[in-house]
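Scroll down for the structure; my scribbles are underneath it.
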Amino acid sequence: MDDGLRQPAARAAAGPAARELTLSVVAPTFNESKNILALIESLEACLSPIPEQSAWEVIFVDDNSPDGTAALVREIARTRPHVRCLQRFGRRGLSSAVIEGICSSSAPYVAVIDADMQHDETLLARMLGMIDAEKADLVVGSRYVGGGGFGDLSPLRRAMSQFATRLSGLVMQFDLTDPMSGFFMVRREAFLAAAPHLSGAGYKILLDFVASAPAPLKHLELPYEFRARLHGESKLDAMVLFEYIVLLLEKTIGRYIPIRFLMFCLVGGTGVLVHLATLFPVKELTSFAIAQAFAALVSMTSNFILNNILTYRDVRLRGRRLITGLFSFYAVCSIGFLANVSFAQLLYDRGQPWWSAGAAGVLIGCVWNFGASSIFTWKRA
Ligand code: GDD
Ligand code: MN
C-alpha cells in the first residue's frame, strides 16, 4: 500500500535531503508546442505549496507531433528534471497516451490534465490533499457540480458532451457527474489494477477506467470551469466520436466478442455490396468470369481502405506501406477465399444443408482473413 504524503518510506534510504516523489502529472500532447511552457510554469507555481518533503513531476506523452512538441519538452527538461517526455511513434490516441504515461509513473498519485490549459491546474494541490486525506482512489474535476462549468465551449460541443455523458450510463459502474472529464487524479495502484482491462480506444480514459476497474472505486469530485484553449486547436473530430462508440461497444458486447473482429466483419459486409454494385454494370461489358474477378478486386480494395481507416485506425498504414499492405491483404484474402470454398465443400459433401455449409465457409474465411491480416497486413506490437 502506498504511503502517500505521510510516510516517506524510501527517503531514509535515499538520504536525509531526498524528497519523495508523490505526484506525477500526465499531460498528453499532440501539436501543443506553444502551450507546454505555460503549463510547466503554472504547474511549478501551483505545486510549490505541496508538503516540502514531497516531489512532483510532469510527464508529457507526445505522439511524435509534427510541430516538435517532444523536442521542446526535452529541451526544457534538461534544466528541469521534474519534466519528462515520453515520445511515441506510429500511434495516435489520447487514452492510450494517458495509459502509458500513468504506467511510466512511480508516484503513488497521478493526475491527468490537458496540455492546452483548458483544465484548471490550480486545483491539483487541493486534489492531492483530498485524495490523500480521504484515502480515495479517484478525484474527478467536474463541470457539473456546483461552481463548475463549460466556460465558452460552443453550444454544439456542450450538447455533444451532455449526450455522450448520458450514453456513458450504459457502462459506468457507479455515478460520476462528469465521466467525459479529462481532468482527474488517481491512486496509481487503483489505476494499474484496471489497466489490463482497459479498452484504450479514443479520448475518454476516465470513463474507460471507471468501466474497467475490477473493484469499486472510492471517488470524490470537485468543480472546475473549462477554460478556453491557450493556443492551437482541438483535435476532436469525427474519428473521436467513432472511437467513443467503439469504447461503449467494447465495454458492453466486447465482453463476448472482440469489437475489432465485429468491425472487420461489418466491413466485409460492405464489401459484398461493393462487389455486387461493381459486378452489375461490368458484366455487361465483358465475360461474367472477368467481371466477377474485377468486382472481387474492387471489393477487396474497398475493404482494405475501410479496415485501414476504421478497424485498424490505431496502426493505420500510410505512404509506401499502404501499397505493400494492400498486396498482402490481397494475398491473405485469396487464401481466405480458398479456405472458405474448400471448407464449405467439405461440409456440403458430408450432408450439411447448402446454407449452413455456405455460412460456415464464410465464417472460416472471415476468421482467417481477420487473423492473418492482423499479423501480416496491420502488424501490431
Ligand atoms: N498523445 C496524444 N495523442 N495527445 C493527444 C491526442 C493524441 O492522439 N489527441 C489529443 N491529445 C491531447 C491534446 O494535445 C490535448 O493536450 C489533450 O489531449 C486534449 O485534446 P483536445 O483536442 O484539446 O481536446 P478537447 O479540448 O476537444 O477535449 C477535451 O475536453 C473533453 C471534455 O469535453 C479533453 O480534455 C478531453 O480529455 C475532455 O474529456
Ligand atoms: Mn482542449
Side-chain angles (χ1 to χ4, degrees), residues 25-40 42-43 58-70 72-73 84-104 111-121 123 140-144 148-168 176-186 200-210 224-244 247 313-316:
V25 179
V26 171
T29 55
F30 193 75
N31 287 344
E32 301 290 0
S33 60
K34 293 208 177 98
N35 295 320
I36 51 177
L37 189 59
L39 179 63
I40 293 169
S42 185
L43 286 173
V58 54
I59 305 165
F60 289 91
V61 188
D62 184 66
D63 287 351
N64 199 25
S65 303
D67 77 343
T69 304
L72 185 62
V73 172
R84 285 174 50 201
C85 174
L86 182 60
Q87 187 174 6
R88 311 196 305 167
F89 295 92
R91 276 182 300 160
R92 276 291 307 275
L94 205 174
S95 284
S96 62
V98 167
I99 294 169
E100 286 172 39
I102 297 178
C103 290
S104 82
V112 178
I113 193 168
D114 286 356
D116 57 4
M117 304 298 278
Q118 289 198 272
H119 294 157
D120 189 350
E121 64 288 349
L123 295 175
V140 179
S142 167
R143 296 161 294 179
Y144 292 97
F150 283 85
D152 20 300
L153 194 67
S154 73
L156 176 68
R157 277 290 311 266
R158 200 177 295 208
M160 276 164 52
S161 178
Q162 280 158 355
F163 181 62
T165 303
R166 222 161 292 145
L167 283 181
S168 70
L176 273 185
T177 58
D178 195 358
M180 300 296 114
S181 175
F183 180 43
F184 56 93
M185 189 178 290
V186 286
Y203 249 43
K204 298 303 161 190
I205 180 60
L206 176 61
L207 179 63
D208 196 357
F209 172 52
V210 299
Y224 84 98
E225 176 90 27
F226 200 62
R227 302 188 297 215
R229 206 172 222 285
L230 187 59
H231 296 288
E233 51 200 42
S234 168
K235 281 92 206 172
L236 188 120
D237 56 13
M239 192 49 81
V240 170
L241 303 182
F242 173 77
E243 300 247 18
Y244 184 60
L247 173 63
R313 62 203 175 284
D314 52 339
V315 282
R316 190 173 296 166

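Here the structure is a predicted model, which means the values were calculated and not measured. Ligands are counted one by one from 1 in listed order, and the atoms in each one are counted from 1 as well.
For the pair R92 and R316, the minimum side-chain heavy-atom distance is 4.5 Å or more. Residues F184 and H119 have side chains not in contact (no heavy-atom distance under 4.5 Å, counting atoms from C-beta outward). When side chains are defined from C-beta on, V73 does not count as touching Q87, because their heavy atoms never get closer than 4.5 Å. The side-chain heavy atoms of Y224 and F226, taken from C-beta on, include a pair separated by under 4.5 Å.
Between the side chain of S161 and the backbone N or O of R157 there is no donor-acceptor pair closer than 3.5 Å.
No side-chain donor-acceptor contact under 3.5 Å links D208 and S95. Between the side chains of T177 and S142, a donor-acceptor pair is found at a separation under 3.5 Å.
With respect to the salt-bridge test (charged N to carboxylate O, under 4.0 angstrom), the residues D120 and R227 qualify. Comment: R91 engages E100 in a salt bridge, judged by a side-chain N to carboxylate O separation of less than 4.0 angstrom.
A distance limit of 4.0 angstrom between heavy atoms and ligand 1 selects the residues P28, T29, F30, E32, V61, D63, R92, G93, L94, A97, D114, A115, D116, Q118, H119, R143, R157, M180, S181, G182, Y203, K204, F226, R229, S234, K235, L236.
Tally of protein N, O or S atoms closer to the Mn ion (ligand 2) than 2.8 Å: 2.
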